[in-house]
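Just follow the structure's listing: the first ligand is 1, and inside any ligand the first atom is 1. In this text, all values refer to a predicted model and were calculated from it rather than measured experimentally. In this chain, numbering begins with 1 at the start of the sequence shown.
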Amino acid sequence: MNKRLSVRDIRRKKLGDKNQEPISSLVCYTAQMARLINDHVDIILVGDSMGMTIYGYENTLSVTLDMMINHGAAVVRSTNQPHIVVDMPFGSYEESPEVAFRSASRIMRETGAQSVKLEGGEEFAETIHFLSQRGIPIMGHIGLMPQRIQTLGGFFTQGKTDKESSRLMNDAKSISQAGAFSMVIEAIPEEVASDITQSIEVPTIGIGAGRNCDGQILVSHDILNLYGAFTPKFVKKYGNIDENIVNAVKDYSQEVKKKKFPTKDNIFTIKK
Ligand code: KIV
């Protein structure tokens with residue numbers, strides 16, 4: 001039975017009192033991983049970080065709409081519980097609200113996801129309003145926006161000065177008033193994230209944004225140690241799959257070379 005959390009359920013998870021549980025979310029891109037995490041998180045984001053973690057690019061800019069749709073559909077097929085959000089990739093929404101609608105409607109139609117996420121603050125309020133008025137639920141994304149890597153010059157913490165933090169507050173208010181049902185806030189000081197969380201009516205989902213957001217999100221490849229290239233300070237590793245894979249592959253290869261594999265348990269014979 002399909003028990004997915006709806007946009008309304010997620011809105012209701014805004015932490016009103018201390019007894020409410022924060023939203024638990026993970027970024028995940030494949031059917032295999034999605035099956036494993038199905039029962040354990042409220043939201044799965046099919047994130048464009050797949051460009052780096054599974055496609056080996058240096059950043060997320062090369063990810064296409066077709067890639068997002070293929071992975072989004074695989075994750076939807078393999079789950080029945082969490083709310084599935086699919087990232088809108090770089091170049092698929094910035095030009096105009098109409099272009100954004102065409103891309104977002106393809107994602108919704110071809111994946112079966114419940115919502116889409118786009119990066120941007122006040123400058124995207126009009127687009128967010130346009131889409132959400134036309135049946136496309138939008139999760140916002142402010143703070144560190146990886147699709148702006150070339151203008152930022154690196155993956156740096158945002159909102160460290162008064163000017164930057166008031167710009168972030170303004171972005172959060174603008175996109176929530178425009179209709180975003182929740183927003184990711186990435187790599188900003190805890191104090192700034194707390195102020196934002198208290199000042200807007202929709203849930204904030206933090207990644208490197210401290211302890212007081214309405215929910216948390218991390219990348220499954222990061223928490224499992226499946227992506228060795230770079231680990232941000234805000235990641236906690238809960239597993240070490242990299243090491244397990246390397247050890248298993250080493251054992252296999254050694255056994256092949258020493259003729260210990262295959263054994264008689266792994267072969268077919270002709271019955272006499
Ligand atoms: O693509 C992604 O992994 C994301 C997270 C950083 C929230 O957008």
Side-chain angles (χ1 to χ4, degrees), residues 10 22-30 33-34 37 41-65 67-72 74-75 82-94 103-104 107 111 113 115-121 124 128 138-149 152 154-159 168 171-172 175 180-188 193 196-197 202-210 213-227 229-236:
I10 290 167
I23 299 165
S24 150
S25 356
L26 272 178
V27 176
C28 148
Y29 328 96
T30 61
M33 184 78 78
I37 70 178
V41 290
D42 299 315
I43 299 176
I44 291 180
L45 166 67
V46 183
D48 63 353
S49 54
M50 71 173 72
M52 300 164 77
T53 50
I54 62 177
Y55 283 94
Y57 292 115
E58 257 181 39
N59 55 51
T60 59
L61 302 186
S62 306
V63 175
T64 65
L65 195 54
M67 284 159 81
M68 294 310 307
I69 288 173
N70 287 339
H71 285 270
V75 169
H83 180 99
I84 312 292
V85 192
V86 176
D87 255 343
M88 298 192 69
F90 180 64
S92 71
Y93 62 95
E94 298 87 337
S103 303
I107 294 178
T111 67
S115 61
V116 299
K117 172 166 86 56
L118 60 83
E119 294 180 10
F124 282 102
I128 290 172
I138 304 291
M139 178 181 279
H141 183 153
I142 60 168
L144 173 60
M145 294 182 277
Q147 292 177 10
R148 310 227 176 143
I149 178 80
L152 292 173
F155 295 111
F156 305 123
T157 311
Q158 305 292 301
L168 277 174
D171 284 341
I175 66 173
F181 72 92
S182 65
M183 70 187 69
V184 165
I185 45 184
E186 179 166 357
I188 69 171
I196 291 175
T197 300
V202 299
T204 55
I205 303 179
I207 173 162
C213 293
D214 300 300
Q216 297 289 331
I217 186 161
L218 284 174
V219 174
S220 50
H221 276 53
D222 285 338
I223 69 167
L224 298 171
N225 198 26
L226 250 176
Y227 176 61
F230 169 68
T231 307
K233 175 181 173 183
F234 54 73
V235 169
K236 178 172 174 189

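Interface atoms of ligand 1 facing Asp48, defined by a heavy-atom separation under 4.0 Å, are 1 (O). Atom numbering of ligand 1 starts at 1 in the shown order; those under 4.0 Å from a heavy atom of Ser49 are 1 (O), 2 (C), 3 (O). The atoms of ligand 1 that sit less than 4.0 Å from any heavy atom of His141 are 8 (O). Of all atoms in ligand 1, numbered sequentially from 1 with element shown, those under 4.0 Å from a heavy atom of Gly47 are 1 (O), 2 (C). For ligand 1, the atoms sitting less than 4.0 Å from at least one non-hydrogen atom of Val219 are 3 (O), numbered in the order shown with element in parentheses.
Checking Tyr29, Tyr227, Tyr55 one by one against His221, the ring pair (Phe, Tyr, Trp, His ring centres under 6.0 Å) holds for a single residue, Tyr29. The side-chain contact (heavy atoms from CB on, under 4.5 Å) test with Cys213 is passed by exactly one of Ile23, Ile185, Ile205: Ile185.
When only modelled atom types and interatomic distance are considered, Ser24 and Asp42 share no side-chain donor-acceptor pair under 3.5 Å.
For Glu186, no nitrogen or oxygen atom sits less than 3.5 Å from a nitrogen or oxygen atom of ligand 1, counting backbone and side chain alike.
Closest protein heavy atom to atom 4 (C) of ligand 1: Leu45 CD2, 3.6 Å. The protein atom (non-hydrogen) at minimum distance from atom 8 (O) of ligand 1 is Lys117 NZ, 2.9 Å.
The main-chain N or O of Pro89 is never found under 3.5 Å from a side-chain atom of Asp48 such that the two would form a donor-acceptor pair. Judged by distance alone, with hydrogens and angles left aside, the side-chain atoms of Gln216 form no donor-acceptor pair with the main-chain N or O of Gly208 at under 3.5 Å.
With a 4.5 Å cut-off on side-chain heavy atoms, Met67 and Ser62 do not count as touching.
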